[in-house]
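Take a look at the structure set out below.
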Amino acid sequence: MVDRATTSATAGDPVLSLTAVTKRFGDVVATVDLSLDVVAGEVLVIIGPSGCGKTTLLRLVAGVETPDAGRIELQGRTVYGPDGVVPPEKRSVGLVPQDYALFPHMTVAANVGFGLTRRDRRDRAERVSEVLELVQLADLAERYPHELSGGEQQRIALARSLAPDPALILFDEPFSNLDQALRSDVRSETRRIIEASGTTAIFVTHDQEEAFSLAHRVAVMLDGSIHQIGASSDVYLRPASRRVAEFLGDANFLPGRIHNGYVKCELGTLPVLADFDGPADVMVRAENLQISLSEGVPAEVVSGEFYGHDQVTVVRTSTGRMFRIRSLVNLDVSPGQQVRIKVGGDVVAYPADN
Amino acid sequence: MTETAPHPESSPKPLRQRLGGGPALTLLIATLLALPLGVVVVAMLTPTVDVWQHIWATRLPEMLTNTAILVLGVGTGTAVLGTGLAWLVVAYRFPGRALFRWLLILPLAMPTYVLAFVFMSTFDFAGPVQSALRAWFGPDVWFPDVRSGTGVIIVMTLVLYPYVYLLARAAFHEQSAVTFEAAQTLGDSRRAAFFRVVLPLARPSIAAGLTLALMEALTDIGAVRFLNFPTITDGIFRVWLGMGERNAAVELAGVLLLFALVVILFERRMRGRARYYQAGGRDRGIVPVQLSGRAAWLATGACTLVLGAAFFLPVSRLVAWVVTEMAKGAPGVFDALYWGFARNSLMLSGAATAVAVSVALILANGVRLSKGRSVRLGVRLATMGYAMPGAVVAFGVLVLLSSVDHALNGLSQQFWGVDVGLLLTGTAVGLIYAYVVRFMAVGYYSVEASLEKVTPSMDDAARTLGASSSRVLRRIHLPLVRVGMFTGATLLFVDMMKELPITLLLRPFGYDTLSVWVWQMASESLWASASLPALTIVVTGLIPVVLLSHVATSTRSTKPLPTGTTTQLADSVEAL
């Protein structure tokens, strides 16, 4: 758990503020004592494994699920708290569900106009075409949802939730139903639309690449609480705990002992980002290890995994410990070969478990 | 109800439950719908020895044998005819194939009691066929006795084979040509491949169709009575309507229930762990072979013969009678009498349909919004009546309501000293209740199928777009389930209008419907007088047949209605 002071963004008033929100389903606790601020214009991505409670968190904010305890404020107004609850239709929060949930019996224009009941007819038509213009699908206004491709459906769902000009839009794994090939295009397009509309957005996902490429800030959620929140590079390079490090990216762990900002371990005595002394779990990212023929700790190549843009080599040191090393593909080694390995980047350490 | 999340008293009900009925309402409805069957089961499990001795003495062995013969005969007949015709139209090309594909389901519109009386009036001693034969070959010409088990089995097979035909055809149609061709490349002839691959794959569907056909056979009171083949159902009517012995009738209803359970267990066994259709995509179906010469005309002839005997000839006979009656100006032809019966049928079936569709909506929404097991179990209980013969449902309702009436009477006499009489028994309330119990499954599965299109995330999306729950219901739910509701209502209405045994047992005194009128006239051998109400029922019955043919011939992803229903029937028995 991280406290609010270190997590809140640097500027702006919070659009959304959660305080000690807890939600249970029977014996299962979906969110525990969760606190979070999101500022105007920000894109926050909540990342976590399935079942960590991230979708529930979105549903609590949208108001389609009610917490058991805590407080939720939207634009300074309490929408859930000891005094009662504001229903979803009065919250001014947009939701883009995982399956988009376009209304199959309505045209694209009618779908987008669904949330604009309080405006008069002309105003409404104007807003619909304005939003369709923004998502660049103005020519599809009279189509029905089943006549659209997956990517188009996703953008219409986004347009529909943008139309009433909500204070905040929530996305529940919005790209998971798209072909791998389409995803990065749709993703950057989505980010462009969000930034152009000036709205605030929360995404939930379990996909790292998605989280890092979309987010202004990333929040790592595990077991119903947020373990770390910060800029993508911070969360990746300086994970707050061993579990966060394990969840994000390729991490090697080894025991060590810290003294005065240096850690002594199997890979040598290395400068470390840690503010304690004593026994530690040392974490080195796979891409921060290098294979060298001349310097470093001796090791034997065990196997290799080729990924196209890079490759992972697994080596074993004399202590029997395995290390994963991520490198560019120009490295040519084969199993059984004797090599040396050395650390070429940041090393992080956590107090040893026992 | 452990599956619903507990909420502190202070927090409002979760949204999803406000739109649906919530588990409590679903379970209440399920209990009400399952109660009549429970009453019969209890009666069955607590037999009264005196009553049984009495029943045994009055032809019970004969009724048991006849019922068994009926089940075996109609089972074999519909299985062979339905499967055979289905394979014929799927795997072969012959003159008229495209037309026969859907014409062959027409006999579904013909209730057993209508074909039975037309059949008897035609082939009985005094009928035109035997009279003609006597005129040509002299008075001693031999003719089989139509009033027999064989007669009943022929009549029911002709009317009920479409259930098997529809499901078998869908199953054959679903099958990929790949498996069929694989069998052929492994050395099977087309014929051998049919028996070794195609038929076993279609077995679950055929069993499902067979179950539906046999349920109708067990329910029937008209054919067995007109053709003098006393079954258990017939026994129930004799004991109750003839002798007024309610306990004996209820015990017999228990025996009938046992027969129904045997049929359902058989279906489960045949189905095994198989699901209804082949998994995975299908590139193309089995390629039909062109029949030529004699074989082609034999195929066309067979289809024509079946359709003629089961539908076109009886309908023309009915039309001819109606025309004669009209010319004569006989009573009951489009006069106040006829419209009176028609109005009664319309009012009863209409009211029961409205109740059933509303209940179906509540149940289906309850299931959609709750992932709970108890709700699903509730729905199984609520739709179980479809697997029960009409007489069983009728007696369950009768016993249940009369004890409620007695309790009410007791209370009112105790407190006000007034005898309020029978408030529920023998009124339209009892009849509508029984209709709903019996046919709930038809409405439920129609509504459920269309409600599947409304995902829970649509509710969420609509709510966050500012729609209140009533607007979500109006703008999203209703438009999407309207088609399903309409289909369900049509099927329900026609099923209820055709219904005979429940109506006969529970109708309010002097409140006759079209089906009751057919029964009364035909019982007295007044064929011509029975013709107009019978024709009305057949013509109305064509509406759902056309609907079904549309469903069955449209895209293969659309399942014909009875499939899901039968699957659920079996499941509901398992749930017991």
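In what follows, chains carry the letters A, B, and so on, assigned in the order in which the sequence lines appear, proteins first and then strands, with residues in each chain numbered from 1. Note that the structure is a prediction, hence the values are computed from the model and not measured.
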Region of A:T117 in contact with chain B, defined by heavy-atom distances below 4.5 Å |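 Contact with chain B is through the side chain of A:T117 alone.
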Count the heavy-atom pairs under 4.5 Å between each of A:L170, A:V93, A:L116 and chain B, then report the option with the highest count.
-> A:V93
If you count heavy-atom pairs under 4.5 Å between each of A:V28, A:L95, A:V96 and chain B, which one has the most?
-> A:L95
Between B:R475 and chain A, which part of the residue has a heavy atom less than 4.5 Å away: side chain, backbone, both or neither?
->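 Its backbone and side chain both get close to chain A.
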Measure B:T455 against the heavy atoms of chain A and call it side chain, backbone, both or neither at under 4.5 Å.
-> side chain
Taking it one step at a time, do B:L465 and A:R160 satisfy side chain to side chain contact (heavy atoms under 4.5 Å, CB included)?
-> CA-CA 8 Å; B:L465 288 167; A:R160 183 178 66 179; 3.5 Å; yes
Output the residues of residues 97-113 of chain A for which the shortest heavy-atom distance to chain B is under 4.5 Å, in residue-number order; output 'none' if no such residue exists.
->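 Within residues 97-113 of chain A, near chain B: A:P97, A:D99, A:A101, A:L102, A:F103, A:P104, A:H105, A:M106.
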Distance, nearest 0.5 Å, that separates CZ of A:R59 from CG of B:D460 | 4.0 Å
Counting only heavy atoms not in B:R482, do more than 12 sit closer than 6.0 Å to its CZ atom?
-> no
